[in-house]
S.K.: 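Starting off with a structure, shown below.
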Amino acid sequence: MNESQNRLDIDQIRIDIDHVDSEIVNLLAERKGLSLRMAHEKGRVDQPSRDQSREEDLIAKRVASGQDHDLDSGLIIQVWRAIVDDSVRVQQEALGRGADETTGVTVAIQGIEGSYSYLACQQYFGARGTEVSVVTSRTFSEAIQNVRDGRADATVLPMENTTSGAITEVYDLLLESGLHLTGDIKFKVRHCLLGVQGASIADMRKIYCHTQAVAQCSEFLATLEDCEVVHFSDTALSGKRIKDLNDPSIGAIASEEAARLFDLEVLKSGIANREENYTRFVVVASDPIDIPEGVPAKTSIVMAVSNRPGALMDALAIFSEGDINLVKLESRPILHNPREELFYVDFEGDVSEKTVDAVLSTLMKEVRFLKVLGSYPSRDLRQKPKLRTPESRQVNAREALVEPSPTTDDPKGYRLGSRGHKSSSTVVEVGGARFGGDDLVMIAGPCAVESWDQIVATAREVRDAGASVLRGGCFKPRTSPYSFQGLGLEGLDMLAEAGKTFGLPVVTEVLSPEDVDAVAKKSDILQIGTRNMQNFSLLAAVGRTHRPVLLKRGMSSSLDELLQAAEYILAEGNQQVILCERGIRTFERSTRNTLDLSAVPVLKSRTHLPVVVDPSHAAGSRDLVPPLALAAEAVGAHGIMVEIHPDPDTALSDGPQSLHFHQFEHLMGALGIPPNRRVSGG
Ligand code: PEP
Ligand code: MN
């Protein structure tokens with residue numbers, strides 16, 4: 001063989017090797033395609049992306065076929081490990097489970113190791129091949145706090161049980177938490193009666209048992225004679241307790257796993273009333289998750305509808321018109337407002353789907369409160385994967401509420417409050433008052449609540465003169481720290497009591513986010529004062545409540561800034577915002593502020609929210625209040641708020657601008673509002 005022939009052969013071999021290598025690349029690409037298809041299938045049935053025993057089998061088979069070709073086993077193992085690892089990574093990425101599975105996760109649970117929350121958590125994350133470290137927490141609220149404070153990545157909380165029903169405390173906590181649902185799991189609960197060594201059912205005299213388990217095993221417990229049931233906060237803890245007591249006459253109801261963990265005997269298993277005893281747990285984290293295309297998903301929302309016949313039906317009809325399948329509807333009384341209900345709704349689909357986005361947008365116009373708790377892949381759903389249209393947007397739950405929809409321009413930094421989003425005017429109902437309806441709503445009361453006698457006399461006057469809302473400052477935002485700061489919660493108690501006595505809803509200002517819960521407990525409307533219009537954490541906090549908000553315009557703020565401030569409240573879920581023009585700072589010194597009455601028609605053209613006018617804080621002197629109030633009515637205000645006082649000269653704040661009662665009655669007459677001299681009430 002001559003030298004040139006030799007070189008030709010080498011070249012040819014190189015070409016052949018290149019060919020084989022490119023075949024290998026093609027085959028790897030083909031294999032990756034199959035992995036992706038597999039990921040979609042696994043996502044559809046929510047199977048774990050990793051099956052380590054199958055991976056080992058696969059490599060063993062490759063080693064065997066490699067040996068048939070005299071290939072080194074070490075090489076085959078190395079190559080296929082790399083291929084399999086890559087395939088797992090590709091699948092995890094496609095399923096959006098990467099972070100969980102590769103880095104492990106810290107999960108807060110209520111209870112200790114061995115509790116059902118613990119077992120559900122192990123099952124959920126275990127199925128994803130994720131290492132779990134558990135942070136035990138005494139209560140559900142502590143578990144949630146552990147996530148909020150960053151001590152845990154997620155928490156797993158029980159929502160409902162097939163036998164004993166909803167775990168209402170968790171519903172209430174979830175709404176307040178500001179966290180997002182990222183998954184759920186239906187966990188089969190198998191209650192067992194456990195005892196220490198030597199225990200028997202016949203000798204049982206006392207059983208420690210979680211309240212939920214008592215309800216779920218009531219039939220079995222009823223068969224035991226002479227046996228006391230002691231309620232316990234945690235199933236596993238009850239197991240631990242009887243182990244510590246080591247008394248064969250004391251038993252516990254817990255899982256088989258708890259028996260193993262605490263070295264107890266299973267005296268009887270499967271003691272629940274129903275064999276099919278499931279608890280649905282939700283996985284809750286700080287951030288929403290992205291759901292990969294094609295993975296069946298569920299979304300959970302909370303909403304409050306108007307208090308009128310058919311309001312719930314109208315809201316639900318929006319889902320059916322959008323061809324969206326509701327899978328759950330649960331109702332809970334609103335905290336501190338027990339006459340009204342919150343509805344928890346689960347439906348198929350996720351917020352990044354166009355159809356879901358459109359339905360939520362429409363729904364938001366109908367309801368008084370709407371919050372998306374989260375969208376998450378759901379193993380209960382077995383429907384065909386819905387492939388997203390390519391142009392659909394990937395947005396998270398929060399963005400779905402605030403992101404401009406394609407049909408709406410968003411030149412001014414607000415959307416939910418705009419007429420583009422909702423063309424019909426919003427009516428905010430409080431007690432008998434309808435802000436944004438046909439009638440002018442009158443709010444009146446003292447600048448500040450000063451005493452019981454003062455507020456009760458004023459409340460009577462407000463009711464008798466025909467006004468429909470009682471105002472009164474309890475936390476006063478005073479320019480000087482030496483001025484009267486208000487009576488605080490004590491004043492609020494008086495205001496609420498006076499309101500109740502005369503059948504009037506009340507409004508008071510809330511100054512800081514920490515006070516929002518306490519004020520929302522008693523006040524029918526939460527007022528945000530001019531100095532706080534851009535206190536964004538305060539706006540967000542009132543946006544999470546179910547109380548209507550009276551948002552006053554900042555004294556140096558533009559109308560668009562007012563609407564953007566309102567947007568902070570709307571975006572948190574609360575759709576009941578009433579705007580208030582109260583005068584702005586100009587060069588003019590003759591009045592305390594300059595009442596910008598053009599705000600009323602301008603706002604009404606830009607927003608569907610009701611607009612009221614406060615002439616008192618604009619004028620600064622009582623004689624100017626009636627003409628400005630009449631002007632406000634003339635420009636189309638939906639309501640007017642004035643300060644009145646039984647003895648303005650002795651008022652602790654804003655006396656000069658407060659109307660005497662007779663002046664107020666005169667103004668009411670001029671506005672054409674009839675008096676209401678009922679005999680009932682104080
Ligand atoms: C008030 O209405 O009590 C009040 C303090 O008003 P403003 O925030 O408009 O000054
Ligand atoms: Mn005042």
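Remember, it's 1-based here, ligands and their atoms both numbered in the order they're listed.
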S.K.: Does the side chain of Thr182 come within less than 4.5 Å of Ser375's, by heavy atoms?
M.R.: no
S.K.: For Leu511, which of Val519, Leu538, Val516, Asn532 qualifies under side chain to side chain contact (heavy atoms under 4.5 Å, CB included)?
M.R.: Asn532
S.K.: Is there a side-chain contact between Phe369 and Met303 (heavy atoms, below 4.5 Å)?
M.R.: no
S.K.: Would you mind naming the N, O or S atom of Glu643 nearest to the Mn ion (ligand 2)?
M.R.: OE2
S.K.: Identify which of Glu581, Arg471, Glu509 has a heavy atom lying nearest to atom 3 (O) of ligand 1.
M.R.: Arg471
S.K.: Can Lys522 and Asp493 be said to form a salt bridge (charged side-chain N to carboxylate O under 4.0 Å, His left out), step by step?
M.R.: CA-CA 7 Å; Lys522 296 272 170 101; Asp493 284 343; 2.5 Å; yes
S.K.: Quick check on contacts: which atoms of ligand 1 are under 4.0 angstrom from a heavy atom of Arg582?
M.R.: 7 (P), 9 (O), 10 (O)
S.K.: Answer yes if the ring centres of His638 and Phe435 are under 6.0 angstrom apart, and no otherwise.
M.R.: no
S.K.: Students should be able to answer this: which protein heavy-atom is nearest to atom 7 (P) of ligand 1, and at what distance?
M.R.: Lys552 NZ, 3.5 Å
S.K.: How about Lys365: does its NZ atom have over 12 heavy atoms from other parts shown lying under 6.0 Å from it?
M.R.: yes
S.K.: Of all the non-hydrogen atoms in the protein, which one sits nearest to atom 4 (C) of ligand 1, and at what distance?
M.R.: His617 NE2, 3.5 Å
S.K.: Is Arg553 in contact with ligand 1, taking contact as a heavy-atom separation below 4.0 Å?
M.R.: no
S.K.: Indicate the atoms forming the closest heavy-atom contact of Ile640 with Pro615, along with that distance.
M.R.: CG2-CD, 3.9 Å
S.K.: Which option, Thr508, Thr530, Val507, owns the non-hydrogen atom nearest atom 8 (O) of ligand 1?
M.R.: Thr530
S.K.: Please list, in number order, the atoms of ligand 1 under 4.0 Å from a heavy atom of Arg531.
M.R.: 8 (O), 10 (O)
S.K.: Is there a heavy atom of Met555 sitting under 4.0 angstrom from any atom of ligand 1?
M.R.: no
S.K.: Are Gln663 and Val625 close enough that some pair of their side-chain heavy atoms sits under 4.5 Å apart?
M.R.: no
S.K.: Considering heavy atoms of the protein only, find what lies nearest to atom 1 (C) of ligand 1 and give residue, atom and distance to 0.1 Å.
M.R.: Gln527 NE2, 3.2 Å
S.K.: Taking 4.0 angstrom as the limit and counting only heavy atoms of Lys476, give me the atoms of ligand 1 inside it, by number and element.
M.R.: 3 (O), 5 (C)
S.K.: Relative to the heavy atoms of Gly529, which atoms of ligand 1 are at a distance of less than 4.0 Å?
M.R.: 8 (O)
S.K.: Rounded to 10°, how big is the angle at the Mn ion (ligand 2) from His617 NE2 to Asp654 OD2?
M.R.: 100°
S.K.: Any side-chain donor paired with an acceptor under 3.5 Å for Ser352 and Asp350?
M.R.: yes
